[in-house]
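These values consider heavy atoms only, across backbone and side chains, with no hydrogens, waters or symmetry-generated copies. Residue numbers start at 1 and run along the sequence shown. All values reported here derive from a predicted model rather than from experimental measurement.
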Amino acid sequence: MPARDLREWITLLEREGELVRIAAEVDPHLEVTEIVDRTVKAGGPALLFERPKGSDRPLLVNQFGTERRMCLAFGVARLDDVAARLADVLEMQPPEGLAAKVRGLKTLKSIAGSRPRTVRSGACQEIVLRGDEVDLGLLPVQTCWPGDGGPFITLPAVITHDPRTGQRNVGMYRMHVLGPRSTAMHWQIHKDGRADYLMTDGRLEVAVAIGLDPISAYSASAPLPKHIDEFMVAGFLRGEPVEMVKGVSVDVEVPAHAEIVLEGYVERGDLADEGPFGDHTGFYTPVEPFPVFHVTALTMRRDAIYPSIVVGKPVQEDAWLGKATERIFLPAVRMTVPEIVDYDLPVAGAFHNLCIVSIRKAYPGHARKVMHALWGLGMLSLTKGIVVVDEHVDVHDYAEVMFYVGANVDPKRDVELTQGPADHLDHAPTLQFVGGKIGIDATAKSPAEGAREWPPEIEMSDDVRRLVDERWAEYGIGAVPSAPSAPIGQSSRRLLRR
Ligand SMILES: Cc1cc2nc3c(=O)[nH]c(=O)nc-3n(C[C@H](O)[C@H](O)[C@H](O)COP(=O)(O)O)c2cc1C
Ligand SMILES: [Mn+2]
């Protein structure tokens, strides 16, 4: 059974020795950040601050901060197992034989049972504050970094509907608290929430759920196509639908088990200065106008817990939300670009800066084909640098990748420079939103690609390896790790257990 809500998740974390309660009074203004920063970087536990200064509500951070907790959230041993479930659906073929038909039906049923279910009442509305009663100051909202423009709600699931189709969208967009009843809504230019807003004449109703079961919270951060409801995917990944209840002041359904819900609206042309904000890029994102979210109701559980996340110079907690996306979306990426064997978005590259991809190379120019495919694929289109390696290279072993980038590349021949859309937060391009892209083809090249004859790579023969394995004790050298076939070095495997 997946955790039904945030508190079941907290119970699970506690049982697994993955959560520490902090009884001392701690200030959500900067102090929490410094504590979390040290804890995340040390691979430490989730932290439940029971007495955040200035608020009666406990503050939860670092719930996602290790790979183990991310796996616990999904109830899997490895994140690739989540991907495998999704791959089953994506790769469904007309079944042959009874066994395959039964399996197919099961898969179909798990999709059909994934749609959010409307229920009559929800714990998220135990307390209802409307109009002037609303005060965001009740919540222990963090001011994360010294240069931040104020407190920011950092782990919200923002729910909107496409005004033309009624289709729901859920996205994680930080919210700069501007007053007791208003925040900014940081819908970046490429995002679905922004599209719903731009499609609206006048007013767009918005609901924000804070404090969800971990899979629903994760889903809000997942880069799904616009027409796919993130809560449906959450239901599929949980194996149980997300229960929704009518909002008290808006015609938007909200997750019944949420800890806290903010209901309200944005209006076309109603903008305010958002930021600065110490961002996941490792830099402060400067002030920029964003839509104002006016809160018409704040509903919550009687003893609501407020969850938060700190982003900043990597590695931070969001690294693991990102790694989950990298793993979960691999089958979907492969649907379009099947020659991809694996890919890695290094945490240090803040996800959009760098992508290493291994391919089954079949023809001249193939690496460039894959680069351009990725530059045309969903949010991967924002990737600034792509390194392509051959299928035998472990993309998660950065030393091995560097070996091939160094050894296999003629910079004059193997570098693809192009341009395209840039990440909203990328400060390096001359213009905001558009910029250069670099692709490095580190595959072995053929004469058809203008290379001389490619030399064979050095490898010991299997019979000698076996011989040495068998005789090892006889040599009296003691324990030495088995002969490495790849260069040893800093490996992302330390980050991503596999
Ligand atoms: C902790 C965290 C904070 C995020 N903050 C923002 C943000 O402020 N603005 C934004 O546009 N995307 C932000 N994102 C990324 C979006 O959640 C992500 O792109 C998601 O796919 C957006 O949903 P959409 O595809 O439905 O637009 C954040 C992601 C995480 C994990
Ligand atoms: Mn979406």
Taking [Y]'s backbone N and O only, do any of them form a donor-acceptor pair with [X]'s side chain (distance below 3.5 Å, no angle check)?
X    : Y    : answer
K323 : L345 : yes
R302 : I127 : no
W320 : E67  : no
Y343 : E326 : yes
R69  : Q63  : yes
R194 : I189 : no
T66  : G43  : no
Y173 : G193 : yes
N62  : P45  : yes
S55  : L138 : yes

Donor-acceptor pairs under 3.5 Å, side chain of residues 271-280 to any protein atom, not counting sequence neighbours: which ones?
residue: E274; atom: OE1; partner: R174; partner atom: NH2; Å: 3.2
residue: E274; atom: OE2; partner: R174; partner atom: NE; Å: 2.7
residue: D279; atom: OD2; partner: R174; partner atom: NH1; Å: 2.8
residue: D279; atom: OD2; partner: T285; partner atom: OG1; Å: 2.6

Got [X] and [Y] here, is their nearest side-chain heavy-atom distance under 4.5 Å?
X    : Y    : answer
R168 : I159 : yes
D162 : N169 : no
T325 : M379 : no
V242 : L212 : no
I305 : L48  : yes
L374 : T383 : no
K191 : M172 : no
V311 : T154 : no

Measuring from atom [atom1] of [X] to atom [atom2] of [Y], what distance do you get when rounded to the nearest 0.5 angstrom?
X    : Y    : atom1 : atom2 : result
M175 : L155 : CE    : CG    : 12.0 Å
K246 : D251 : NZ    : CG    : 5.5 Å
S308 : L139 : OG    : CG    : 11.0 Å

What I want to find out is whether [X] reaches [Y] closely enough, with some N-O distance under 4.0 Å, to be called a salt bridge.
X    : Y    : value
D37  : K41  : yes
D196 : K226 : yes
E16  : R68  : yes
R78  : D80  : yes

Is it true that [Y] and [X] share a donor-acceptor pair across their side chains at a distance under 3.5 Å?
X    : Y    : result
E288 : H424 : yes
D229 : Q167 : no
E253 : T118 : yes

Open item on the list: For the residue pair R203 and Y265, would you count it as a cation-pi contact if the rule is NZ or CZ under 6.0 angstrom from the ring centre and within 45 degrees of the ring axis?
Closed with: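 Judged by the rule (NZ or CZ under 6.0 Å from the ring centre, within 45° of its axis), R203 counts as positioned above Y265.
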
Open item on the list: By the definition side-chain hydrogen bond (donor to acceptor under 3.5 Å, both in side chains), identify the one residue from R238, H257, R4 that meets it with D213.
Closed with: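 Exactly one candidate clears the test, R238.
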
TODO: State which residue, out of E205, E263, R130, fulfils the side-chain hydrogen bond (donor to acceptor under 3.5 Å, both in side chains) condition with S249.
DONE: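 When side-chain hydrogen bond (donor to acceptor under 3.5 Å, both in side chains) is applied between S249 and each of E205, E263, R130, only E263 qualifies.
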
- [ ] List the steps, then state whether side-chain contact (heavy atoms from CB on, under 4.5 Å) holds for D342 with R327.
- [x] CA-CA 9 Å; D342 201 356; R327 291 297 95 198; 2.9 Å; yes

Task: Heavy-atom closest contact (A428 atom, D426 atom, distance) - done: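 Nearest pair, atom of A428 first, then D426: N-OD1, 2.9 Å.
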
